[in-house]
Amino acid sequence: RVTSIADRLNVEFALIHKERKKANEVDRMVLVGDVKDRVAILVDDMADTCGTICHAADKLMSAGATKVYAILTHGIFSGPALSRINNASFEAVVVTNTIPQEEKMKHCPKIQFIDISMILAEAIRRTHNGESVSYLFSHVPL
């Protein structure tokens with residue numbers, strides 16, 4: 001996934017390889033690539049307690065990143081998540097609105113959201129009418 005995103009944006013990339021002992025517990029995390037003097041953008045599908053993503057942000061800053069952003073599909077933000085984000089080195093944590101975020105944003109000013117209701121509606125319409133959903137990968141409705 002990361003190479004596809006980097007190619008589309010015409011940028012270099014690094015990745016963080018994580019090994020889990022069990023759910024919500026990372027055993028080991030290794031940065032592969034160079035982030036020194038660069039803005040780092042963490043991309044992930046979801047964040048629950050945010051231990052992993054906050055640890056990753058610390059690792060990026062320790063490796064010389066100038067700023068760290070996170071972009072997540074689903075922001076669950078349970079338990080200590082908001083406190084961890086507030087104390088982490090993120091400039092912003094951007095999530096979609098697949099889960100309502102208004103209350104959580106009141107307690108964590110780093111959280112921002114992107115409204116994806118139009119693209120979901122278009123995907124449902126296309127599925128219902130037997131049209132291509134993959135068309136949306138290159139033609140996003142605004």
Side-chain angles (χ1 to χ4, degrees), residues 1-128 131-142:
R1 283 186 287 170
V2 71
T3 56
S4 174
I5 294 168
D7 287 347
R8 290 167 97 186
L9 296 174
N10 196 30
V11 296
E12 294 181 29
F13 71 92
L15 60 91
I16 294 180
H17 174 72
K18 63 185 176 188
E19 296 175 8
R20 292 186 181 276
K21 286 183 182 177
K22 58 184 180 179
N24 291 332
E25 188 175 323
V26 172
D27 182 39
R28 199 167 72 113
M29 190 177 282
V30 178
L31 174 63
V32 179
D34 181 23
V35 297
K36 185 171 175 47
D37 299 324
R38 299 187 182 193
V39 174
I41 303 170
L42 286 166
V43 179
D44 209 345
D45 59 346
M46 64 177 244
D48 186 3
T49 61
C50 295
T52 302
I53 201 158
C54 289
H55 184 204
D58 290 342
K59 185 162 277 298
L60 290 166
M61 291 301 286
S62 295
T66 57
K67 293 180 182 179
V68 178
Y69 294 86
I71 298 175
L72 311 165
T73 304
H74 310 289
I76 298 169
F77 304 137
S78 65
L82 299 182
S83 174
R84 286 176 174 170
I85 293 170
N86 280 330
N87 293 321
S89 53
F90 291 113
E91 294 291 314
V93 175
V94 182
V95 298
T96 67
N97 62 336
T98 58
I99 298 170
Q101 299 298 339
E102 290 77 13
E103 281 302 310
K104 293 182 175 156
M105 291 170 67
K106 290 178 185 175
H107 303 287
C108 186
K110 292 182 181 181
I111 296 174
Q112 300 174 18
F113 79 92
I114 296 171
D115 182 0
I116 62 165
S117 59
M118 292 301 292
I119 196 162
L120 289 178
E122 181 63 12
I124 292 167
R125 188 196 69 74
R126 288 179 164 276
T127 300
H128 179 74
E131 298 173 33
S132 170
V133 175
S134 61
Y135 173 85
L136 294 175
F137 297 141
S138 55
H139 299 85
V140 179
L142 298 176

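What you see below is based on every heavy atom in this structure, not just the backbone, and it leaves out hydrogens, waters and symmetry mates. The first residue of the sequence shown is numbered 1, and numbering continues consecutively from there.
- The closest side-chain donor-acceptor pair between T73 and D45, if any, does not fall under 3.5 angstrom.
- The side chain to side chain donor-acceptor pair (under 3.5 Å) search around K106 returns E103, not counting sequence neighbours.
- The distance from atom CG of L42 to atom CD1 of I71, rounded to the nearest 0.5 Å, is 9.5 Å.
- Taking every heavy atom of both residues into account, I16 and M29 meet most closely at CG2-CG, 3.1 Å.
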Would H55 and K18 count as a side-chain contact (heavy atoms from CB on, under 4.5 Å) if you check the C-alpha gap in whole Å, the side-chain angles of each, and the deciding distance to 0.1 Å?
-> CA-CA 11 Å; H55 184 204; K18 63 185 176 188; over 6 Å; no

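- The main-chain N or O of T96 is never found under 3.5 Å from a side-chain atom of D115 such that the two would form a donor-acceptor pair.
- The two atoms that bring M61 and T66 nearest to each other are CE-O, 4.1 Å, heavy atoms only.
- The CG atom of L72 sits 7.0 Å away from the SG atom of C50 when rounded to the nearest 0.5 Å.
- When every heavy atom of I111 is checked against every heavy atom of F77, the shortest pair comes out as CD1-CE1, 3.7 Å.
- Considering CG of L136 and CE of M118, their distance stands at 11.0 Å, rounded to 0.5 Å.
- Between N97 and S117, the closest heavy-atom pair is OD1-N, 4.2 Å.
- Although no hydrogens or angles enter the test, the distance criterion places no donor-acceptor pair under 3.5 Å between the side chain of D48 and the main chain of G79.
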Can you check side-chain contact (heavy atoms from CB on, under 4.5 Å) on I114 and V95, steps first, answer last?
-> CA-CA 6 Å; I114 296 171; V95 298; over 6 Å; no

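- To the nearest 0.5 Å, the span separating OG on S89 from CG on L60 amounts to 8.0 Å.
- Judged by distance alone, the side chain of Q101 and the main-chain N or O of G75 form a donor-acceptor pair under 3.5 Å.
- Residues Y69 and V39 form a side-chain contact, since some pair of their non-hydrogen atoms from C-beta on lies under 4.5 Å apart.
- Between M105 and F113, the shortest heavy-atom contact is SD-CD2, 3.6 Å.
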Test side-chain contact (heavy atoms from CB on, under 4.5 Å) applied to M46 and I76, step by step | CA-CA 7 Å; M46 64 177 244; I76 298 169; 3.5 Å; yes

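- Side-chain N or O atoms of R84 include one that pairs as donor or acceptor with a backbone N or O of T49 at under 3.5 Å.
- Annotation: the span from I5 atom CD1 to F13 atom CZ amounts to 10.5 Å, rounded to 0.5 Å.
- Side-chain N or O atoms of K67 include none that pairs as donor or acceptor with a backbone N or O of I41 at under 3.5 Å.
- Side-chain atoms of K110 come within 3.5 Å of backbone atoms of A88 as a donor-acceptor pair (strictly under, hydrogens ignored).
- One distance of note links CD1 of I53 with CG of D58; it measures 11.5 Å at 0.5 Å rounding.
- A side-chain donor-acceptor contact under 3.5 Å links R126 to the backbone of S132.
- Counting only distance, with no hydrogens or angles, the side chain of E19 and the backbone of H17 share no donor-acceptor pair below 3.5 Å.
- Here the shortest heavy-atom pairing between A40 and A65 reads CB-CB, 4.2 Å.
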